[in-house]
Protein chains: 2
Amino acid sequence: MVHGHEAPRTSRQRILEAAYLVIERDGATGLTLDAVAAEAEVSKGGLLYHFPSKEALVSAMMVGLCEAFGAAASEAAEADPEPVGRTVRAYLAASAGEVGRSRRWLALVGALALYPELVDIWRADVLAGLVADEEEGIDPAAAAIVRLTADGLWLSGVLGLSEVVADVRPQVLKRLEEMSRSRS
Amino acid sequence: MVHGHEAPRTSRQRILEAAYLVIERDGATGLTLDAVAAEAEVSKGGLLYHFPSKEALVSAMMVGLCEAFGAAASEAAEADPEPVGRTVRAYLAASAGEVGRSRRWLALVGALALYPELVDIWRADVLAGLVADEEEGIDPAAAAIVRLTADGLWLSGVLGLSEVVADVRPQVLKRLEEMSRSRS
DNA sequence: ACTACTTTACCGGCTGGACGGTAAAGTAAC
DNA sequence: GTTACTTTACCGTCCAGCCGGTAAAGTAGT
């Protein structure tokens with residue numbers, strides 16, 4: 001970490017980043033082992049050394065994105081002084097923020113069609129959020145609506161419908177904020 | 001058309017139905033021309049006579065689903081005595097109803113990854129809904145939240161996360177109903 | 001410090017199967 | 001005999017995963 005210290009990126013990291021790049025650029029169907037290997041400047045054999053199958057690669061991508069989302073949410077939660085509904089608001093913030101709007105999701109959802117089991121990674125996170133809500137004593141229905149609306153917003157972004165709802169977006173966000181403060 | 005009148009289903013219809021069946025059963029990746037042809041008991045050439053490409057087939061599936069959704073929504077709208085927010089409520093009802101929860105969507109979204117342009121079919125419907133809202137004088141933010149939450153609910157179903165939110169579902173629906181009655 | 005062996009990391013050609021699509025021939029109704 | 005529909009047979013491409021090989025970096029016994 002002294003100066004000049006190039007990222008000592010491992011091959012594995014390089015490959016993962018290349019995979020994100022490829023899927024953003026070429027879509028889910030463009031995500032082939034050859035393409036990723038080329039982008040990462042590794043041979044296909046090398047790629048398969050680090051990720052024994054395509055599914056393993058996609059799984060790692062999924063985990064990576066979920067972690068990034070979780071990190072963004074945690075950050076938002078820590079910065080929030082009000083305990084009630086802190087977790088939902090963090091979820092909302094993360095969804096509305098950079099990670100939530102990343103183009104990476106779009107294609108990755110497409111890739112999910114290939115390996116439906118990978119939704120479980122997601123499911124676990126959703127579950128954890130609901131548990132947190134309950135502990136915070138927030139009105140469960142309100143919390144659910146906030147989360148679901150955030151998901152809907154996310155979806156509209158993924159499907160490229162976000163311009164359609166762009167006008168009301170700020171107001172929606174404000175309303176959800178308010179709802180997140182209602183106790184049960 | 002006398003009695004006993006089996007569906008005089010055209011080959012085209014048979015093929016479309018077979019396609020839905022296959023995609024429900026085998027997922028987006030299982031939707032191959034061969035599989036659909038086999039299921040419809042037509043030869044592959046026969047299939048391609050009616051749908052000149054796979055994209056044409058998927059497009060027809062998309063249109064069919066959107067029409068079914070639209071029909072369900074229209075029905076709900078007509079049965080609704082209160083004019084304000086009628087369209088949003090219809091949207092909500094359709095989403096929460098049979099068509100909205102159909103497993104067909106699941107895989108079809110996956111197939112969208114193959115032909116991203118097909119989202120436009122969708123987009124048109126979304127736009128039409130927003131226009132209707134405006135004419136009804138409903139609070140736009142409330143309307144948006146209702147719609148987006150419905151989408152979130154739909155998404156949770158598609159991703160198989162619906163059991164997770166099953167408990168709050170009725171309450172959420174009730175709240176949304178209420179919101180749909182707020183004037184602008 | 002030299003040798004023998006193992007592990008880690010990586011290369012790249014190959015293959016076998018799947019899949020979208022084509023084309024020509026056949027059938028039957030009108 | 002022409003139109004509408006259907007079949008059979010085939011082609012070309014793409015791609016995941018496999019596999020034989022290599023080279024450098026440990027590890028350890030002597």
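These values consider heavy atoms only, across backbone and side chains, with no hydrogens, waters or symmetry-generated copies. Throughout, a chain's letter reflects where its sequence line sits, starting with A, and its residues are numbered from 1.
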Using the closest heavy atom to pick a nucleotide of DNA chain C for each, name whichever of Asp34(A) or Gly46(A) lands nearer the 5' end.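 Its nearest nucleotide lies further toward 5', so the answer is Gly46(A).
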Please report the interatomic distance CD(Glu55(A)) to CG(Leu57(A)), rounded to the nearest 0.5 Å.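 Glu55(A) CD to Leu57(A) CG: 10.5 Å, rounded to 0.5 Å.
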So, taking the atom named CD1 in Ile145(B) and the one named CG in Leu173(A), what distance separates them when rounded to the nearest 0.5 Å? 9.0 Å
Classify the nucleic acid contact of [X] as base, sugar-phosphate or nothing, counting any heavy atom under 4.0 Å across all strands shown.
| X | answer |
| --- | --- |
| Leu31(A) | sugar-phosphate |
| Thr32(A) | sugar-phosphate |
| Lys44(A) | base |
| Leu33(B) | sugar-phosphate |

Using whole Å, what does the distance between atom [atom2] of nucleotide [N] and atom [atom1] of [X] come to?
| X | N | atom1 | atom2 | result |
| --- | --- | --- | --- | --- |
| Arg14(B) | dC5(D) | CZ | C1' | 12 Å |
| Leu57(B) | dG21(C) | CG | P | 10 Å |
| Leu47(A) | dG13(C) | CG | C1' | 16 Å |
| Arg12(A) | dT8(C) | CZ | P | 15 Å |
| Glu55(A) | dG17(D) | CD | C1' | 14 Å |
| Glu41(A) | dC11(C) | CD | P | 10 Å |
| Leu48(B) | dA9(D) | CG | P | 17 Å |
| Asp26(A) | dC15(D) | CG | P | 10 Å |

Phosphate OP1/OP2 of [N] contacted by [X] side-chain N/O (<4.0 Å):
| X | N | result |
| --- | --- | --- |
| Ser11(B) | dT6(D) | yes |
| His50(A) | dC10(C) | yes |
| Ser43(A) | dG12(C) | no |

What nucleotide among [options] has an atom nearest to a side-chain atom of [X]?
| X | options | result |
| --- | --- | --- |
| Lys54(A) | dG12(C), dG17(D), dA4(D) | dG17(D) |
| Tyr49(B) | dT7(D), dC5(D), dT8(C) | dC5(D) |
| Ser53(B) | dT7(D), dG21(C), dC5(D) | dG21(C) |

Decide yes or no on side-chain contact (heavy atoms from CB on, under 4.5 Å) for Glu135(B) and Thr87(B), but give the supporting numbers first. CA-CA 10 Å; Glu135(B) 290 171 356; Thr87(B) 316; over 6 Å; no
Mutual orientation of the aromatic rings belonging to Trp122(A) and Trp105(A) [parallel < 30°, tilted 30-60°, perpendicular > 60°]: tilted
Do NZ/NE/NH1/NH2 and the carboxylate oxygens of Glu39(A) and Arg25(A) come within less than 4.0 Å? yes
